[in-house]
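Before any comments, here is the structure.
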Amino acid sequence: MEAPALLLSPPAANPNHPPCSFSPHRVLWPPRHNLRPLGCSLSTSSGRATRRPPLGSPRVVSEMMASTGVESYTTLLEYVGKGGADVGDDLVVLLSHLQYACKRIAALVASPFNAELCRGGGGGVPSSSSSSERDAPKPLDIVSNDIILASLRKSGKVAVMASEEDDVPVWITDHGPFVIVVDPLDGSRNIDVSIPTGTIFGVYNRLAELDHLPVEEKAQLNSLQSGKRLVAAGYVLYSSATIFCIGFGSGTHAFTLDHSTGEFVLTHPSIQVPHRGQIYSVNDARYFDWPDGLRRYIDTVRQGKGQFPKKYSARYICSLVADFHRTLIYGGVVMNPRDHLRLVYEANPLSFLVEHAGGRGSDGKIRILSIQPVELHQRLPLFLGSIEDMHELESYDSIQQKINPGYDV
């Protein structure tokens, strides 16, 4: 039996358009036997359904690349290998494991089943037994931390990992040549409402001169290196696209995850942040808590009365990686004027990236990369962006917020 057709009443006559041959019994949805299966297209020559590969298959991707004039692409691992930047075999192995961890996190963040993880499982209701506590789902940022740690262990290239989620660094192996500092899932509080999140990381060489010290001490000192000693730094943005942005001290490059191949593909080589943007990114709701200098700067640029004679726009996502990524591409400034962001895990890696893209990172007075960390979770104000915007901003007397009225966000 044929499926019943959906009938539509004729539309009312429109005097502005000529009459059309609309049938009052026109079939809007064809009978089921005429429906073509998914992955098929209708041949214009025969009228028969012919099967075509699904969108995203290697064949379709190659056809799309050919139609746009793209004959080949460079993956992240190809770029860092001997045929590209040649960062060294050890670092290539490390990045291979790190990118795998970030792909897993990207899938987890996009999963429809992560709501309980976001709330820490059970919405904060205490468990009735220690066994159930051990088995309860972990918050998503803790799960992300575990994923990264497991991948770094398997790489065999990391001596110590210091994470925003851990009180102290984790010593992994005596023979690993690198030290990693990481914020596993920045902006995790935003996942419930599908706002972009990200992973931030920095890579240092292990300080061999500290090898004779006790494990706890050498782990701590290796993790407190100045940002000037970074070997590599990067972030991964989990948004409408998953973007792996990294720098090795000679440029900043972004790779976008191609879901058809599972590879990060070079899409933004040698990023250069514009010398001046037209966007500032900050939580305007805190305006009356800011020092006078910062208020004057914001008032000036949004009226178009600054050194650049155009009115600035405000863009604020409240996700550091997302706000920073936009600033890196479009220019302008992104900031948090109070002692809130962590020097080791956030400020140093992002300042490294913006500097090697031609911008500047500052605490409002001095260059971020020149600050020697003294505590693992040391916090400070952070200002990042276009070189001309940053110089204009820092020319104001006081832009660091010294008081915190008690809010957490």
Side-chain angles (χ1 to χ4, degrees), residues 74-108 138 141-185 198-227 229-236 242 244-250 253 255 257 261-264 344-345 348-349 352 376:
T74 302
T75 68
L76 171 61
L77 295 184
E78 288 171 342
Y79 180 84
V80 299
K82 294 187 182 299
D86 194 11
V87 299
D89 293 345
D90 288 337
L91 190 52
V92 170
V93 172
L94 168 58
L95 291 174
S96 174
H97 285 78
L98 184 59
Q99 63 140 12
Y100 171 73
C102 292
K103 290 173 189 175
R104 289 187 61 193
I105 295 171
L108 190 62
K138 298 177 182 178
D141 43 6
I142 301 299
V143 174
S144 301
N145 191 63
D146 293 344
I147 289 172
I148 292 174
L149 179 58
S151 288
L152 297 183
R153 286 188 189 277
K154 292 178 181 177
S155 76
K157 302 300 181 182
V158 177
V160 59
M161 182 184 102
S163 169
E164 183 178 316
E165 302 300 329
D166 297 324
D167 293 333
V168 295
V170 177
W171 190 266
I172 298 175
T173 175
D174 292 339
H175 306 295
F178 298 115
V179 174
I180 280 209
V181 296
V182 61
D183 181 353
L185 194 59
T199 296
I200 306 172
F201 64 89
V203 182
Y204 297 91
N205 287 315
R206 188 189 87 243
L207 300 175
E209 61 269 28
L210 303 178
D211 286 350
H212 66 285
L213 296 175
V215 168
E216 294 82 2
E217 187 175 353
K218 65 183 179 182
Q220 184 87 356
L221 293 175
N222 268 288
S223 304
L224 291 176
Q225 297 186 55
S226 165
R229 301 178 67 105
L230 279 163
V231 174
Y235 63 83
V236 182
T242 300
F244 192 115
C245 185
I246 191 167
F248 304 99
S250 59
H253 318 280
F255 301 76
L257 182 61
T261 63
E263 297 285 356
F264 282 105
V344 172
Y345 309 112
N348 271 337
F352 181 89
L376 203 57

I need the [X] [atom1] to [Y] [atom2] distance, nearest 0.5 Å.
X    : Y    : atom1 : atom2 : value
L207 : L210 : CG    : CG    : 5.0 Å
S144 : D183 : OG    : CG    : 10.0 Å
I200 : Y235 : CD1   : OH    : 10.0 Å
F352 : R229 : CZ    : CZ    : 13.0 Å
I147 : R104 : CD1   : CZ    : 4.5 Å
L98  : F178 : CG    : CZ    : 12.0 Å

Quick one: does [X]'s side chain get under 4.5 Å of [Y]'s, heavy atoms only?
X    : Y    : value
Y204 : N222 : no
T242 : V236 : yes
L91  : V231 : yes
L376 : P169 : yes
E263 : L76  : no
T173 : V158 : no
I148 : V182 : yes

Partner of F244 under ring-ring contact (aromatic ring centres under 6.0 Å, His included), chosen from Y100, Y79, F264: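 Among Y100, Y79, F264, the one meeting ring-ring contact (aromatic ring centres under 6.0 Å, His included) with F244 is F264.
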Determine the minimum heavy-atom distance between [X] and [Y], stating which atoms define it.
X    : Y    : result
F248 : A232 : CD2-CB, 3.7 Å
L77  : L95  : CD2-C, 4.5 Å
V160 : S223 : CG2-OG, 4.1 Å

If you look only at pairs with a residue in residues 206-220, which of them pass as a side-chain hydrogen bond (donor to acceptor under 3.5 Å, both in side chains), with sequence neighbours excluded?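 Residue pairs with at least one partner in residues 206-220: R206-D211.
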What pairs meet the salt bridge (charged side-chain N to carboxylate O under 4.0 Å, His left out) rule with one or both residues in residues 77-100, with sequence neighbours excluded?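 Matches after skipping sequence neighbours: K82-D89, D90-K157.
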Could you check N145, V179, V181 and say which one makes a side chain to side chain contact (heavy atoms under 4.5 Å, CB included) with M161?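 With M161 as partner, N145, V179, V181 yield a single side chain to side chain contact (heavy atoms under 4.5 Å, CB included), made by N145.
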D174 atom CG: more than 12 heavy-atom contacts under 6.0 Å: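 Yes, the 6.0 Å shell around CG holds more than 12 heavy atoms from other groups.
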Please assess I180 against L152 for the test side chain to side chain contact (heavy atoms under 4.5 Å, CB included), listing each intermediate value before the final yes or no. CA-CA 9 Å; I180 280 209; L152 297 183; 4.0 Å; yes
How far apart are the C-alpha atoms of V170 and S163, what are their side-chain angles, what is the distance that settles it, and do they pass the side chain to side chain contact (heavy atoms under 4.5 Å, CB included) test? CA-CA 8 Å; V170 177; S163 169; over 6 Å; no
Quick one: does [X]'s side chain have a donor or acceptor within less than 3.5 Å of a partner on [Y]'s backbone?
X    : Y    : result
K154 : H97  : no
Q225 : N205 : yes
T199 : P184 : yes
S96  : V92  : no

Check the pair L185 / E164 against side chain to side chain contact (heavy atoms under 4.5 Å, CB included), numbers first and verdict last. CA-CA 9 Å; L185 194 59; E164 183 178 316; over 6 Å; no
